[in-house]
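A short worksheet on the structure shown next.
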Amino acid sequence: MFEAENPSLKSVPLAVQQKHIIVTCNYEARRRVTGSPHHLHCSSLNSLISSTQGLRKLQLITEARKTCPEVVIVLGEELTRFRDASKLLYSFLRAFSWNDRAERLGFDEVSLCQVLRHEGYVGLIAANIQVWMDISDMVDYNIDVINRSDLQNSFFHLSREDPTVGFAFNATQYAGHTFPQSVIGDSTANDDSSSSLRLRLMLGSQLALHLRHQLEEVYGYTSTVGVSTSKLLSKLVGNTNKPRGQTTLIPPYDLDNTNESSIRAFLDDYEIGKIPYIGHKLAHKMREHILGRPARCDNYDAGFSDSESKELVTVGQVRQVPEMSVEFLNKLLVGPGFAHDSGSRIFALLHGVDDSEVAKGRNVPRQISIEDSYLRLDSMDHVVKELKMLASRLIERMRIDLTEARAGDEGDRHSKDDPSAAVRRWIGRPESLRLTTRPRMPINADGTRTRTFKRVSRSSPIPSFVFSLSENADIADRLVMEALIPLFKRLHPERRGWDLSLMNVAVTNMIDTASESKGATGRDIESMFKRQNTVLDEFRVKEEESLISTDVVPGGKDKGSMLEEPANGYYEDDAVSDASAEDFVYWCHACDQRMPAFAKVAHERFHDMSR
DNA sequence: CTGTTCAAG
DNA sequence: CTTTCTTGAACAG
């Protein structure tokens, strides 16, 4: 992102700092090797790695400066710019999709990834975000309409409606790199399914190249892409030509154990922990079992053991253990937190099989959380102060990510992007509030402290005043007093003796109010309309209640109460918490009815239906 | 629905 | 001070 804003930075080693560590860095910084040769002789695994590989993620700043004194360090505590850049790129890519299968993975990274399905997927990678895209339908369509007698001069259609939208390309070759580098079994594998897959992948790679060009032309972001038939394969193959390159995994894809499969060859040399969905817990269990019993040097960090030590365990090794079977893995991979189907899932992954779907794009996130870590947090005063900070930032995030400028009044440019403007409507409503802490362990007998990263949390229904669009600080303070402190006391009833290394406050259990309105079927609309009068009464009652007790009220559990489904919530500023001012905020001029704002969309739909 | 664990970046 | 700040999915009870 910094590079995109200032291209000259690409040649200087750049790192982003959060607290006392490097949280991410650019390729230049990762490439840098230290000039002092004695580092290479150092016996410490740690400094050996850092001296041979340049900067890493999660490296201490002190160590980073040692390995690369000329590194430019920028502060990265403020994540809004990253989020903005991420959102921009994501929505740009998503707009190309026909089926809206565009899944975002992370946003603070320097690479992105996309997918095509065998009868299925393609992949792509860019800057700042990782995204998978299922472009099967686009590939299908273009294969249907392609002119097979003149493949060199093909045209890729980016729109089904407008045949002029698209780009010219050569459908007889892959764009970018391939893996393996040269085509295997060129003459042998000319059977129908293999050659049709070849063509599909070629189209996928050409689309990927087009998207990468666009990303660079329009936003100045370089990108890296992997093209294959699943999320697993496209992501892995995308890593092979790392900065600013794209790679397509080419057939034969034979998954049956016979034959040479480029998938098998590609997968078998991977360290087990580098396979997506195999994190340090699963990797550890498998290493343990194939290395005989002991798993040394583990320290639950895949980053260490995979590099050069003898602990390197590959996919091939695991796959070839004699007892290998789904049942075997199911027995091996049990424990709290492991999915019930871990065994079969991992078995499939080891064989290059991943049938998980690319998730549909979302307009609202599932949850929003804000957290901060502390060297020392052991007094109630301090906790309250920090909770206010967190709550305020959370409210800000909610307004950015869960509201949009209200349609209709386009004239007011100011309110368009101002998240605190009164003229906004909520497109998502969280129903729960959660407070998480990470208590520091008490001091051991020998003076050391056993490090733990265990978190504990408590949650409660969210008070409705957080949806008011009045002054942020007011709402934040109230949220702390009426909801967060009670949660805190549930977590830590003792008034003293604790010391927290982290606090996180989150809104969860998100209701997507925008697509919720679409969910209502036509037949239901009329009954909804008939029900309106009773609903309106409830609305008034509930609002009065909410004025009196807005704190953690377990009473609001009755299903069907209006507070639970203000689906299409239009909220005038303060309309919720100050219901007395204006009980009915929408006035339908067609039938001269007044109603609460959240009823507006459904009501309009009612009129649409009867036309 | 609540609280925890794993995974990813 | 070998861990920052998130998000999403899944499980048990």
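Order of the sequence lines sets the chain letters (A, B, ...), proteins ahead of strands, with each chain counted from 1.
- For NE2 of A/His340, the number of neighbouring non-hydrogen atoms (other residues, nucleotides, ligands) closer than 6.0 Å is 12 at most.
- In this structure, the CG atom of A/Leu433 is 13 Å from the C1' atom of B/dT2, given to the nearest Å.
- For A/Arg458, counting side-chain heavy atoms from C-beta on, the closest listed nucleotide (B/dG3, C/dT6, C/dT7) is B/dG3.
- For C/dT2 and B/dA7, the P atoms lie 23 Å apart once the distance is rounded to whole Å.
- Listed nucleotides C/dA9, B/dA7, B/dA8 differ in distance to A/Arg362; the shortest reach to its side chain belongs to C/dA9.
- Under the side-chain hydrogen bond (donor to acceptor under 3.5 Å, both in side chains) criterion, A/Thr240 pairs with A/Thr247, not counting sequence neighbours.
- Ranked by how close their nearest DNA chain B nucleotide is to the 5' end, A/Tyr277 and A/Ser459 are led by A/Ser459.
- A/Arg440 comes within 4.0 angstrom of nothing in the nucleic acid, heavy atoms only.
- Closest approach to the A/Pro365 side chain among B/dA8, B/dT5, C/dG8 is made by C/dG8 (side chain taken as heavy atoms from C-beta onward).
- Judged purely by atom type and a 3.5 angstrom limit, A/Arg362 has no side-chain atom pairing as donor or acceptor with the backbone of A/Glu103.
- For A/Leu236 and B/dA8, the CG to P distance is 11 Å, given to the nearest whole Å.
- OP1 or OP2 of C/dT6 sits under 4.0 Å from a side-chain N or O of A/Arg393.
- Rounded to an integer number of Å, the gap from A/Leu105 CG to C/dC5 C1' is 15 Å.
- Taking only side-chain nitrogens and oxygens, A/Arg490 comes nearer than 4.0 Å to OP1 or OP2 of B/dG3.
- Judged by distance alone, the side chains of A/Asp84 and A/Ser86 never bring a donor and an acceptor atom under 3.5 Å apart.
- Every residue meeting the side-chain contact (heavy atoms from CB on, under 4.5 Å) condition with A/Asn330, not counting sequence neighbours, appears here in chain and number order: A/Val326.
- Atom CZ in A/Arg455 sits roughly 12 Å away from atom P in B/dT4 (whole-Å rounding).
- Of the candidate nucleotides C/dC1, C/dT4, C/dT6, C/dT4 has the atom lying nearest to any side-chain atom of A/Ser373.
- Per the geometry, CG belonging to A/Asp354 stands 12 Å off P belonging to B/dA8, to the nearest Å.
- Listed candidates were C/dT7, B/dT4, B/dT2. Nearest to the side chain of A/Ser457 is B/dT4.
- If A/Val364 and A/Leu375 are placed on DNA chain C by their nearest nucleotide, the residue sitting closer to the 5' end is A/Leu375.
- A/Phe338 is linked by a ring-ring contact (aromatic ring centres under 6.0 Å, His included) to nothing, counting only residues two or more places apart in sequence or in another chain.
- When distances are taken from the side chain of A/Arg366 to each of C/dA9, C/dT4, C/dT6, the shortest belongs to C/dA9.
- Remark: A/Ser392 pairs with A/Asn472 by the side-chain hydrogen bond (donor to acceptor under 3.5 Å, both in side chains) rule, at least two apart or across chains.
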Just the atom pairs and distances: protein N or O near nucleotides 11-13 of chain C's N or O, under 3.5 Å.
unit_1: C/dC11; atom_1: OP1; unit_2: A/His340; atom_2: N; d: 3.2

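- When the ring-ring contact (aromatic ring centres under 6.0 Å, His included) test is applied to A/Phe96, the partners found at least two apart in sequence or on another chain are A/Phe92.
- In this structure, A/Leu435 atom CG and B/dG3 atom C1' are separated by 13 Å, rounded to whole Å.
- Residue A/Leu491 is classed as having no contact, given no heavy-atom separation below 4.0 Å to the nucleic acid.
- Among A/Arg438, A/Arg455, A/Arg393, the single residue meeting the salt bridge (Lys or Arg N to Asp or Glu O under 4.0 Å) criterion with A/Glu371 is A/Arg455.
- Here B/dT5 presents its P atom at 15 Å from CG of A/Asn504, a figure rounded to the nearest Å.
- The side chain of A/Lys454 sits closest to B/dT5 out of B/dT5, B/dG3, C/dG8.
- Side-chain atoms of A/Asp372 lie closest to C/dC5 of the nucleotides B/dA7, C/dC5, C/dT7.
- The side chain of A/Asn509 has B/dC1 as its nearest neighbour among B/dC1, B/dA8, C/dT6.
- At the heavy-atom level, A/Ser432 lies under 4.0 Å from the strands shown only through sugar-phosphate atoms.
- C/dG8 atom C1' lies 17 Å from atom CD of A/Glu357, rounded to whole Å.
- Close to C/dT7, at under 4.0 Å from its OP1 or OP2, lies a side-chain N or O of A/Ser369.
- Considering only side-chain atoms of A/Phe453, the nucleotide from C/dT3, C/dT6, B/dC1 that sits closest is C/dT3.
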